[in-house]
Each structure stands twice: as structure tokens, then as C-alpha cells.
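Order of listing sets the numbers, starting from 1, for every ligand and every atom in it. Keep in mind that this is a model prediction, so the values were computed, not measured.
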Amino acid sequence: MCGIVGYIGNRESQDILIEGLKKLEYRGYDSAGIAVFTQEGLEVRKSIGRLANLEGKLEGDPLHGSVGIGHTRWATHGKPSDANSHPHTDNSHKFSVVHNGIIENYLELKEELIAKGRHFVSETDTEVISHLIAEEYDGDIVQAVQRAVKHMRGAYALGVLTEYEPDRLVAVRFASPLVIGVGKGENFIGSDIPAILEYTRDVYILNDGEMAVLTTNAVELMTIEGEVISKEIFHVDWDLVTAEKAGFDHFMLKEIYEQPKAYRDTMMGRVSEDGRSVVLKEIGMTAEQIRGIRKVHIVACGTAFHAGLVGKTVIEGLARIPVETDVASEYRYRSPIITPDTLVIVVSQSGETADTLAALREAKRNGARVLAITNVVGSSVAREADDVIITQAGPEIAVASTKAYTSQLIAFNLFGLYLAQVLGTRDEAFVAEVLEAMHKLPEQVEAIIEQAPVLKQVADSISTHNNLFFIGRGVDFAVAQEGSLKLKEISYIHSEAYAAGELKHGTLALIEDGIPVIAVITQKDLYEKTLSNIKEVKARGAHVLGVVNAGMEEEVGKSVDELFVIPKTLQLLSPTLSVIPLQLISYYASLARGNDVDKPRNLAKSVTVE
Ligand code: F6R
């Protein structure tokens with residue numbers, strides 16, 4: 001995820017910026033840059049790749065000056081490149097900006113700015129901001145920033161400098177974190193506390209719509225409307241490792257908590273302003289090409305494959321196109337029937353999984369069009385696919401995938417609705433209803449996460465067992481499979497996921513007294529059938545936890561030992577909620593067993609071998 005650091009004081013800012021950016025490296029990035037006021041004016045250095053590349057550039061050509069901003073970029077708009085790295089400047093090179101977040105309406109703004117004679121050198125949304133601020137400037141940088149942000153829709157944390165006012169550093173936040181570090185005779189900004197922790201432990205945490213104007217000796221806080229505000233200083237007593245995890249014990253837990261933001265970010269810019277349709281500008285397929293799709297193959301590995309299982313239900317349900325879902329390592333070898341009217345969707349968080357990449361190449365060799373759903377701009381999968389939907393989950397550090405999986409589900413729902421719009425299989429009112437329900441999901445995820453203590457209790461009792469079953473029907477079976485994988489990989493408890501109706505065809509023999517069974521039951525038309533399967537396992541002594549949609553608790557409650565109720569949503573969207581308790585149960589079970597949650601044994605984050 002992108003990182004911001006900024007400094008104003010009396011020391012060489014270059015060193016402080018580089019050290020701050022190093023503290024953000026763990027978050028992942030693909031390029032870096034800094035801007036410093038030197039005697040020659042505002043100067044920028046940037047470089048693709050590791051920070052060492054930027055340091056190499058600075059070694060031969062250092063920037064001397066005591067005010068500067070720096071950035072590590074995780075590509076979202078435009079590939080990783082020197083030109084796309086931050087800081088960005090306007091055409092006069094008098095204004096410089098670093099930005100975290102996504103500007104939803106950047107294309108419209110870009111067109112307006114081009115019409116005013118501004119020219120662009122990057123593909124980023126951020127460059128729009130530097131031009132906007134330059135346009136709005138009439139002698140006061142604070143007012144220029146306040147006016148500029150009024151044009152912007154989306155999420156932003158900004159650090160802004162102008163050569164016209166070299167004694168001020170402006171910071172502003174909306175829906176993307178930003179902190180102000182207060183020092184003695186020097187002040188700092190950081191997207192995250194680790195960036196500035198070496199220099200100060202006193203910080204102001206900006207809220208949405210707030211900004212700060214930093215000078216060497218003062219920090220002035222105000223709203224973007226210009227109203228002066230005061231804030232308590234937050235004294236950070238975390239060590240660096242705790243600060244990297246934003247105070248969470250593990251990256252996995254942090255990433256589970258980041259899911260509401262990942263949902264919002266993945267939807268951002270992809271829904272029309274009136275909320276009634278999906279806008280996927282990144283899809284290059286024409287309506288005619290979409291109408292020509294006869295079948296869809298979804299290909300992926302592990303958790304991404306489980307997202308594909310949900311994707312199958314979504315696409316078949318919304319667009320009425322037949323979908324096959326394959327594990328990537330099997331796909332090529334089963335001699336799949338791939339024709340030019342097949343759309344192959346590859347799903348990969350990293351975009352580098354060898355089997356998924358090989359499947360993509362096989363699909364292309366056979367003349368199919370390939371759509372990639374991936375979290376990494378510029379990854380191999382993203383580069384080689386015909387169309388790419390980037391899930392805006394931000395870098396995932398824990399080996400066990402959580403926020404990447406759920407943002408893949410969001411991407412599938414957006415794509416399914418998009419197909420339905422083009423094909424006319426669903427009307428506008430239906431699409432609007434689903435989008436409205438999707439907008440509610442982030443808050444509903446938060447409500448589930450608030451129940452973490454209850455799930456910890458469930459996990460503590462599960463952690464003493466060596467075997468466990470997950471059951472479900474339809475899309476609940478897909479979620480059960482993800483729940484089972486999550487539990488296995490980090491708690492090392494053996495578990496299996498079964499289509500609930502399939503148990504009695506053999507596996508029921510394994511059910512014995514006290515064995516835990518987790519039943520996912522969110523589909524109204526199927527729950528009665530699952531209840532009879534629950535009776536089968538209960539009759540053999542199983543202890544059953546039911547994960548159910550609100551409204552089903554009374555009916556299901558009679559048949560299970562414990563209940564966890566997820567907030568009410570459309571059936572189609574229930575996997576985006578029902579998986580959250582399963583993630584938390586896995587996390588706490590792993591913790592109870594004293595395992596290395598973030599780095600489970602024998603596993604790697606990116607699997608680049610077949
Ligand atoms: C499990 C997990 C893996 C990955 C799989 C594919 O939590 O993360 O199962 O989903 O290795 O990885 P990507 O999505 O990078 O292709």
C-alpha cells in the first residue's frame with residue numbers, strides 16, 4: 001500500500017524521508033520518490049523498484065534542504081514506472097503532491113484540466129491533484145488545497161508543497177489515514193505511525209475532512225472548510241513492530257479489520273453517481289463481444305479458487321452464462337474445451353501464481369479472451385490478461401488470505417452486475433438494489449468484527465480438537481470450503497468441507513461424539529434441507545455451530561448447539577459476510593494453539609512454482 005512521509009525542520013530532509021519510507025517498506029510498494037526544497041527550488045527524484053534504487057540516484061545527486069515529502073507507491077492507476085511514481089508536480093514544477101487513496105472522478109477532472117491547457121506526464125489519478133492545486137492557487141497554498149479538494153471525489157491523504165511558500169507543508173485527509181508528528185523545532189507527516197516513530201511519539205491523528213498546516217515550529221489544525229480545530233495529542237507507546245501492525249497482534253487480524261475499507265475501495269469509482277449501475281471502464285470488451293460469450297471458465301488456486309466458486313454462482317445467477325470453475329493446476333491437464341467464445345477469468349491476489357499464469361497462457365493460446373481479477377497492478381497476470389479488474393485490497397502480508405479473498409467477491413459481484421446490465425438479464429432496479437446492499441456491507445462487516453470475543457470463545461473450544469467439518473449447500477458450500485482452508489492452514493487442525501447433502505454418502509462414518517461441525521446456512525430456499533443434514537450429524541454426537549443470516553435464527557436455533565448471526569443482506573451477497581466469522585475463528589484457533597499466525601509452517605505467500 002502506498003506510504004507517505006513528510007518533514008519540515010532544520011535537518012537534512014532527504015535522510016529523514018528515506019528512513020521514514022524504509023519503515024513503510026513492509027507494506028509493499030513498487031516505486032518510491034521524494035521532493036525537497038533545495039536552493040534551486042522544488043526538486044524531485046523518483047525511481048521504480050526498491051528504495052535502494054532511489055538511494056542510488058540520490059547518492060550521486062543528493063537533495064539538500066530541510067523541507068520535503070516522500071512516497072512509496074503501490075500501483076493502482078497505471079503500471080509501476082518512474083513517471084507514475086510520486087511526488088507528482090504540475091507543469092510549472094512549483095507544486096508537488098504525494099497521495100494515498102483513489103480519486104474516483106480523476107478522468108473527468110483530467111479532461112477538464114487538459115482543456116485548460118495542462119499536460120499530463122503520468123497515468124495516475126494523483127497528477128490531477130497537483131494540477132488542480134496549481135489551478136486554484138492565488139497566493140495561499142492552504143486555500144488552494146481547500147478549493148482543490150472540493151473538486152475531488154474519493155479517498156485521499158495528501159502531503160503538499162509549493163515553491164511559493166517554502167516554509168509550509170500542508171496535509172489533508174479524507175478516507176485514507178494520515179498522522180501529524182509533533183517534534184521540537186521540526187514536524188512530520190506520515191500515512192502510518194512507523195514512518196515517524198523514530199523522531200517523535202507525539203502525534204495528531206487526522207479525521208476525515210481535516211487538514212494540518214505545518215511549519216518548523218507549529219502545527220495548525222483545521223477542517224477543509226477552514227474552521228480552526230484543536231485536538232488531543234496521542235502519545236504512541238508502541239514499539240516499531242506493534243506500530244507496523246497498527247497496534248494489532250498480527251497482520252492477519254489487521255487485514256481482517258481492513259476489510260470494510262477493502263470493500264469500499266474495490267467499489268470506489270465503479271458505481272455510477274446515481275448508484276444505479278456498474279461502471280467498469282477497465283473492461284475493454286465491447287457489448288457485442290460480451291453478447292458473444294457462450295461460457296465462462298474461472299481458474300485459480302487455493303483461496304482465489306474459492307472466490308471463483310462464489311463467482312460461478314454470481315455470474316450464472318446474474319448473467320445466465322454457464323460457468324465452470326477449475327483449480328489452475330488441473331485446468332491445463334484436463335484438456336479443457338476452450339473456444340474463442342469462452343471468457344476465461346483468472347483470479348490471483350499476487351498475480352504471480354505459476355499455475356494460474358500457465359492457465360492464462362493456455363487460454364490465450366486457444367483464442368479465449370482473458371479477464372484477470374488481481375490485487376497487484378503490473379503483476380504477470382495483470383500484464384498478460386486482456387482485461388483486468390484490480391481488487392483494491394492493498395497489500396496482503398499475512399500468508400492466509402482474508403481481505404484479498406473478500407475483495408475478489410466484491411469484484412465478482414460488480415462484474416456479474418456489469419454483464420447483467422449489458423446482456424439485459426436484470427433490470428436497472430435490480431442492479432440498483434444490489435448496489436445499495438453492497439454499499440451497506442462495510443458497516444455490516446464492522447458489526448460482525450465487533451463480535452470477535454464470541455468467536456474467540458468458539459475458537460478456543462475448537463482448538464482442542466484434531467478434526468472438524470464445515471458443511472453448507474450452494475454458495476454456502478463455497479464459503480465452507482474457504483472456512484475449512486483457512487482453519488487448516490493456520491491452526492493445523494484437520495478439517496473438511498462438505499456439501500451438506502453429501503455427508504451421508506460416506507463421510508458421516510467419521511462423525512463421533514463431540515466433533516465440531518460448522519454449518520453455513522444463509523440461503524432461504526435451501527436451509528430446510530441443511531437442517532435435516534444437521535440432524536444427521538447431531539444424532540451422531542456432533543456439536544454444531546450454525547452461521548446464519550439474520551431472520552433465520554429462530555428456525556435454525558432449534559437445531560444447533562450454538563448460533564452466530566450475520567446481518568441481513570441479499571442472498572447473493574451473503575458470502576461477503578458469512579466468511580468473516582470463519583476467518584476470525586481460524587485466527588483465534590491458531591492463536592490458542594500458539595502457532596505463528598502470519599507465517600504458517602510449510603506455506604509461502606506467493607507460489608511461483610508449479
Ligand atoms: C490461502 C492462500 C492461498 C492463495 C493461493 C493463490 O490463504 O492465500 O490459497 O489463495 O496460493 O494465490 P494467489 O491468489 O496469489 O494466486
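- Among protein heavy atoms, atom 11 (O) of ligand 1 sits closest to Val607 CG2, 4.1 Å.
- Atom numbering of ligand 1 starts at 1 in the shown order; those under 4.0 Å from a heavy atom of Ala304 are 10 (O), 14 (O).
- Applying the 4.0 Å criterion to heavy atoms of Val399 picks out, from ligand 1, the atoms 7 (O), 8 (O).
- Considering only non-hydrogen protein atoms, atom 12 (O) of ligand 1 sits nearest to Thr353 OG1, 3.5 Å.
- For ligand 1, the atoms closer than 4.0 angstrom to any heavy atom of Ala400 are 7 (O).
- The part of Glu489 lying near ligand 1 is the side chain, judged by heavy-atom distances below 4.0 Å.
- Residues Arg365 and Glu362 are paired through a salt bridge, judged by an N-O separation under 4.0 Å between the basic side chain and the carboxylate.
- With hydrogens left out, the protein atom closest to atom 5 (C) of ligand 1 is Cys301 O, 3.6 Å, a heavy atom.
- At the top of the distance list for atom 15 (O) of ligand 1, counting protein heavy atoms only, stands Ser350 OG, 2.6 Å.
- Remark: of the listed residues Gln583, Glu446, Lys403, Gln583 is the sole one forming a side chain to side chain donor-acceptor pair (under 3.5 Å) with Gln259.
- Between Leu582 and Lys486, every side-chain heavy-atom pair lies at or beyond the 4.5 Å cut-off.
- Within the listing of ligand 1, atoms 1 (C), 7 (O) sit less than 4.0 angstrom from a heavy atom of Lys486.
- Among all non-hydrogen protein atoms, the one lying nearest atom 10 (O) of ligand 1 is Thr303 N, 3.2 Å.
- Residue Gly302 has at least one heavy-atom neighbour below 4.0 Å for each of these atoms of ligand 1: 9 (O).
- Set against the non-hydrogen atoms of Ser401, the atoms of ligand 1 under 4.0 Å away are 7 (O), 8 (O).
- Between Lys23 and Glu244 there is no salt bridge, since no side-chain nitrogen of the basic residue lies less than 4.0 Å from a carboxylate oxygen of the acidic one.
- For atom 14 (O) of ligand 1, the nearest non-hydrogen atom of the protein is Gln349 N, 2.6 Å.
- With Ile493 as the partner, the side-chain contact (heavy atoms from CB on, under 4.5 Å) test is satisfied by one option alone out of Asn466, Ile462, Thr464: Ile462.
- None of Leu371, Ile345, Val370 except one satisfies the side-chain contact (heavy atoms from CB on, under 4.5 Å) rule with Leu360; the exception is Val370.
- Annotation for ligand 1: atoms under 4.0 Å from non-hydrogen atoms of Ser348 are 13 (P), 14 (O), 15 (O), 16 (O).
- Only one option out of Lys312, Arg334, Arg294 pairs with Glu324 in a salt bridge (Lys or Arg N to Asp or Glu O under 4.0 Å); it is Arg334.
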Next item on the list: Could you give me the CA-CA distance, side-chain angles and deciding distance for Tyr587 and His250, then say whether side-chain hydrogen bond (donor to acceptor under 3.5 Å, both in side chains) is met?
Entry: CA-CA 9 Å; Tyr587 170 77; His250 297 94; 2.8 Å; yes

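- The two residues Asp30 and Ala75 have their closest heavy-atom pair at OD2-N, 2.9 Å.
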